[in-house]
Amino acid sequence: MYLYTIPFEEKFIIYRPLLHAAFIGNKAMTEVAQKYVDSKEKNVPAEDQEAYSFLQKIGFLEPDPPPPAPPEPCYQPKTTVLLATNRCNLRCIYCYADAGEKPLKEMPVETAIQAIDIAAANAEKVGQPFFELVFHGGGEPTQHWNLLTKAVEHARNKTVNCRIAMSSNGIWSSKQRDYLLENFDGLSLSFDGTKEVQDTQRPTPDGGSSFDIVMKSVKVMDKRKFPYNIRLTISSPWLEKLPECIRFICEETGCYHIQVEPAFSMYREGWQNPSPEDADHFIEAFIESMDVAEKYKKELMYAGARPWMTVCSFCSAAESALVVRPDGKLVACYEVTDAKHKLADIFTVGSLEEKGAVINEGARQRLTDMRQQRLALCRDCFCLWHCGGDCSSRCFSPDGTAHLRFDQRCRINQELSKEILARYVESTGGVWRAKVEILDEEKVHPDKISTEGQWRQTDRVKEKT
Amino acid sequence: MKRNDINRQKSSLSPSDNEKPEVYAVKRGKQGWKLNRRSFLASAVAAGAALTGAGIAKKKSPEEQIFRPGTTSDIKCEEVMAHLGRIDDMVISPDGELLVTGSNDRIKFWSLGLVALEESIDSKKSEVSTIEISPDGKWLLSGGLDKTVMVWSLKKRKGQLRLKLRKIFKKHNNRIEGIVITPDSKYAVSTSYDGIIMLWTLPKCKLIKRWSAKDYLHCLALSPDGKHLGSGGSKSIKLWSIEKGHEGNLLKEIVKKSRGFIKALEFSPNGKRLASASEQDSMLRIWSIPSGKLNKVFQAQSPWVEAIAISPDGKYIASGYENTKIHSFPSGKLIKKFGNVSTSVLDNVSSLIFTHDSKQLVVGYRDGRVKLWEFRIGEQVHCLIDLEATPNDKYGTTYKYQDEKGRWVEITVPACKCAPPMPKGSVCTCNTVPGRYCGCEGYCSCESFHYWYPN
């Protein structure tokens, strides 16, 4: 049974992550919780009666629901992520891939088609009524337009349905825009907020402004009610501007979901851990931004702090996605876009050959083992079940030891998760409990969904009370 | 199960001597968090309400379980939209199963059984101002600002609604303000703002008769026997005959010089009374037919009545503008008033219709909301949602279920308190039952957009 007590304002957030339940109590209350959660104790002494009864009433003594299923031992990805090109029409200051500056690498159409066929076949094999096709960065996917359109056409022609999405910088021609909005099911737009921040952090190759053209894309997506979220990256010098950027996005766009990621390195293709001061600044800025987003009833997210979710890994790229580089290599992280990436050895897990996908099971297993080693060390952390060990590409090192250390990123995760839990408790008047129902013996009905993009209307109800 | 280690970050858990267990509510202030001790009882009650809202307070057997889509107190009914703009007209199919709403350039079809959207069509770039369904249920007529009346065939095949534009009636020279269809479904009568009334055949759109009401017209009403036509305009209410051989004959000029535009007209189910509302004042007027004598006047809305509806059982009349009022008909006694009186004109009622069983009132609003009310008790029971019109998709839950013929049907219902129960055996559209593990995300929380999150 997973029970954590998190120091909070001289009291404690008493938290059951798998049960999605939390409340705030004093030290004595933490002791009562520890005593009776997962206890078969039947004789409750008088001094504990009231507190025990409270725990019972709020369902805090219920057993944990089953944790998320571990990754399938057999690698059968039903999602394919194409790292289509390293060409880019922007020069973002924090780009992990140094996109646009390196010798051109573009994925051949045949490679994309092969990857799509694999994901579709896997989906059909297990009776999942859809597979996923995602275009991701290391470059701007729309810069390899030929591949994008051919891949989309091929995916849509499969007998099993396809959900198509992408990450993009929003720098599109009107024809590209119309095509994307017509043929995609959603996208993640990389956009940093106000003109000042956007143009400084995400300039064009000649140092010019990208703000206007991205806002044009935003306006059209809003008008057509196209589902998209915004991923905002904020670099250290601009942290104090984060709330302003969030306000701008809330006021000027129809985007409901904003994800914020900090970039502490000031070099392209560089990553560095935040200093304690950087971490403090980011935490402060993010919390202030949460207030802004709340006022506008928009969702603000930081990937390491998501207590509404229950996961056993931070990102399922390694386990359930076929992430393909332009050279046909299969990688377990879509930031490893290049064979020269410092983590390429660790994260390259196979390749697409003529005969099919050749998986290096040894490499996959090593990666899994490293993750499990890290997770084992995470067990004492209350973020375990929603952070899932944090982003591998941030925690791992070429010498294979960094994943056993914990740094300021963990502190950021914990502080922000604590803030979110406190807000949950605030919103419910004292006890947070979200719905986690496991129903009995319900059949899953595999069915072919029509190709009219009906899953644009997917469930989006946040289960918090 | 093992008890896990407790997080020992920065705290020492030395025994709390003499300290009693306590729980706290928190509140954010300008100086940071403020904690207030709460009694166990108060906290448990609050939690109980929350648990009930989350559907987990009481465990029921699978047979008893009514699966509601995830509902959360965060979703307000006011934000659940059916259309992007004002609801201009609503009509219910003769079998009582389908509600049709018209607004801007969209016509939407809602299942009243499931309280969900079945179909949405664009009216070929014509802004819809009025719609009507033929009594035989085969034809839908929509009239709009483009001066035409579109004739759509209405069929249901394999459980799916099929609409096809069959004909366009193009004889008017001004925007269409009213359409009625005779009880035998063979004829339609339409009027345009310039006061020209036309009688034509359905569905071939052959013009039979044309006459002028000599007024700027805003609305039409047809008596249940199909013999009398009421027209309401800028200054008059007139009664016309549309009996064969007497089409277009003026029977009575009920009102000659109204001080305001006649906003709405409706015949009672027995055809003996005609209710009218005008811009001139807040009154509803009931006229005897065919004498044209004023029978009753009573205050309904302020400053005027925008929409009226008479229940099929003839017992109630509803009026709407700033709120909705139910009066007994024809006495005019106020039975119920509901809906907030708001300072925003967008919150105002624009269209009303009773369900066929006279149990519920469908209210359409200027901002595009459509709500169903148990009007006798003044309680809102359903919100109609179209995710294309609602500000953000988190306000809806989409699920699939099998109908009686084994066909899979996908529908979206609102995630506000009005969410109707899901049929047994429904599945989330990520193809699992809410709460179970979902093949795509590992755990179906039905809360996140089903596409890839970059880390």
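Both backbone and side-chain heavy atoms feed into the values below; hydrogens, waters and symmetry mates do not. What you are looking at is a predicted structure, and each value in this text was computed from that prediction instead of being measured. By convention in this document, chain letters (A, B, ...) are assigned in the order of the sequence lines, proteins followed by strands, and residues within each chain are numbered from 1.
- Side-chain atoms of B:Glu22 never come within 3.5 Å of backbone atoms of A:Asn26 as a donor-acceptor pair (strictly under, hydrogens ignored).
- Under the side-chain hydrogen bond (donor to acceptor under 3.5 Å, both in side chains) criterion, B:Arg106 pairs with B:Ser120, sequence neighbours left out.
- Chosen from A:Lys298, A:Glu419, A:Glu10, the residue pairing most often with chain B at heavy-atom distances under 4.5 Å is A:Glu419.
- When A:Glu50, A:Glu47, A:Met29 are each tested for a side-chain contact (heavy atoms from CB on, under 4.5 Å) with B:Pro21, only one passes: A:Met29.
- Contact annotation for A:Val32: only side-chain heavy atoms (C-beta onward) come within less than 4.5 Å of a heavy atom of chain B.
- Expressed to the nearest 0.5 Å, how far NZ of A:Lys11 lies from OH of B:Tyr24 amounts to 3.5 Å.
- We find that B:Arg28 and A:Glu426 are joined by a salt bridge, their nearest charged nitrogen and carboxylate oxygen being less than 4.0 Å apart.
- Here the NZ atom belonging to A:Lys225 is positioned 5.5 Å from the CG atom belonging to B:Leu84, to the nearest 0.5 angstrom.
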